[in-house]
Amino acid sequence: MTAKIIDGKLIAADLRARVADEVARVKRDHGLTPGLAVVLVGNDPASEVYVRNKHKQTQAAGMASFEHVLPADVAQADLLALVAKLNADPAVHGILVQLPLPKGLDTETIIASIDPAKDVDGLHPHNAGRLAGGLPALSPCTPLGCIILTKSVHSSLEGMDAIVIGRSNLVGRPLVQLLLNENATVTIAHSRSRNLPELCRRADLVYAAVGKAEMVRGDWLKPGATVIDVGITRLPAADGKTRLVGDVAFDEAMKVAGAVTPVPGGVGQMTVACLLVNTLRAACAIEGLPAPGM
Ligand code: NAP
């Protein structure tokens, strides 16, 4: 048996195109240009690549993109002042502070200072609480992408057994809430879970968000399961360069699962596309327009 490869690149491109259509519509009908402000502190090379990518894709969708780069030794008060300015700026509908922040800055305080209506990363306690309460909320982008990828295989997740491995605020926990909203039955596993392979083998839907290269083996999977691999680890490659691998042993999974996301080309592609969706949603909500149809 060979599993279907879930093409995150294609699905993300389709989503970005739909966002661009909706942006064109709100511009035409309401004179609204959704705006996203991204704040980068320091010069972490991976973060710089992410921010550049977000900037390019935001502009390509027809939105306004505002980039703010601050030095790694910026005072917390100065970063808070920038967030306050963006909170008050009517041209900005979404604010994203790129994580991780350099040492010396308190991530929780910074996130809590973002206006929840503009919190397009979905990490503000207001949005996390609403999501946990089953209320409409801006939800974190990577878990949103995981749900879209799963729904490219299964139109309904109702009653399916899902396991989420990893319980971070960024991925695992919000993903559990989104799966509950889809009426899946969810197990959440973490570093203290016992019998992880056994728990996995029960699941129709496996989400791995750990950060441990190829931890989930083929014999952990129920035949036909759908596997969404969030993990990204950079390993040395034979040619002296590096390669990206996920949390799932891809070749093994392909022999057992029904559908698998590759790394790269799976979940990673969806994260920025969902950031654009969240920015459009935030802009419509702030301006009192109906929610976009996506
Ligand atoms: P994180 O904050 O480090 O959380 C990792 C989670 O994995 C924790 O809940 C931890 O459990 C759990 N864990 C660690 N070892 C485990 C083990 N042996 N068995 C079971 N669970 C274990 O990481 P994160 O931010 O959620 O990110 C997870 C991965 O996703 C990383 O590789 C990251 O690079 C990737 N990621 C990708 C995207 C994307 O766009 N594709 C976005 C975000 C993250 P405890 O809670 O018990 O410590």
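Please read all numbers here as calculations on a predicted model, not as lab measurements. Order of appearance sets the numbers: ligands from 1, and atoms from 1 within every ligand.
Proximity of a side-chain donor or acceptor of Arg130 to a complementary backbone N or O of Pro136 within less than 3.5 Å is detected. Listed for the Arg281 side chain is no donor-acceptor partner under 3.5 Å among the backbone atoms of Ala291. Proximity of a side-chain donor or acceptor of Lys118 to a complementary backbone N or O of Val92 within less than 3.5 Å is detected.
With respect to atom 46 (O) of ligand 1, the closest heavy atom belonging to the protein is Arg167 NE, 2.7 Å. In terms of protein heavy-atom proximity, atom 40 (O) of ligand 1 is closest to Thr271 OG1, 2.7 Å. Looking only at protein heavy atoms, the nearest one to atom 48 (O) of ligand 1 is Ser191 OG, 3.6 Å. Looking at atom 21 (N) of ligand 1, its nearest protein heavy atom turns out to be His190 C, 3.2 Å. Nearest protein heavy-atom neighbour of atom 29 (C) of ligand 1: Gly211 N, 3.7 Å. The nearest protein atom to atom 42 (C) of ligand 1, hydrogens excluded, is given as Thr142 OG1, 3.3 Å; this is a heavy-atom distance.
Atoms of ligand 1 found under 4.0 Å from any heavy atom of Leu196 (numbered from 1 in listed order, with element): 19 (N), 20 (C). Counting the atoms of ligand 1 from 1 in the order shown, those under 4.0 Å from a heavy atom of Val171 are 26 (O), 43 (C), 44 (C). If you number the atoms of ligand 1 from 1 as listed, the ones under 4.0 Å from a heavy atom of Ile165 come out as 20 (C), 21 (N). Against a heavy-atom cut-off of under 4.0 Å, Val230 is close to the following atoms of ligand 1: 30 (O), 35 (C), 36 (N), 37 (C), 41 (N).
The NZ atom of Lys222 lies 12.0 Å from the CD1 atom of Ile163; values are rounded to the nearest 0.5 Å. Separation of atoms CG (Asp44) and CG (Leu99) is listed at 11.0 Å; rounding is to 0.5 Å. To the nearest 0.5 Å, atom CG of residue Leu36 and atom CG of residue Leu86 are 10.0 Å apart. In this structure, CD1 on Ile111 lies 12.5 Å from CD1 on Ile95, to the nearest 0.5 angstrom.
Cluster membership check: Leu96 does not share its hydrophobic cluster with Leu144, using side-chain heavy-atom separations under 4.5 Å among Ile, Leu, Val, Met, Phe, Trp and Tyr.
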_As a quick check of understanding, evaluate salt bridge (Lys or Arg N to Asp or Glu O under 4.0 Å) for Lys85 and Asp89, giving each step before the final call._
CA-CA 6 Å; Lys85 200 172 119 204; Asp89 186 342; over 6 Å; no

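Checked by distance only, ligand 1 and Asp247 stay at 3.5 Å or farther apart across all their nitrogen or oxygen atoms.
The closest approach between Thr233 and ligand 1 stays at or above 4.0 Å for every heavy atom of the residue. Using a 4.0 Å heavy-atom cutoff, Ser193 is absent from the residues neighbouring ligand 1.
Looking at Val263, Ile232, Thr261, it is Ile232 that brings a heavy atom closest to atom 33 (C) of ligand 1. The heavy atom nearest to atom 17 (C) of ligand 1, considering only Met270, Met215, Arg192, is found in Met215. Taking only non-hydrogen atoms, the option from Ser168, Ala46, Pro100, Gly266 nearest to atom 4 (O) of ligand 1 is Ser168.
No hydrogens or angles considered: a donor-acceptor pair under 3.5 Å links the side chains of Gln57 and Asn53. Side-chain atoms of Tyr207 and Thr150 form a donor-acceptor pair, as typed in the model, at a separation below 3.5 Å.
Contact annotation: for Val210 versus ligand 1, heavy atoms closer than 4.0 Å belong to both the backbone and the side chain.
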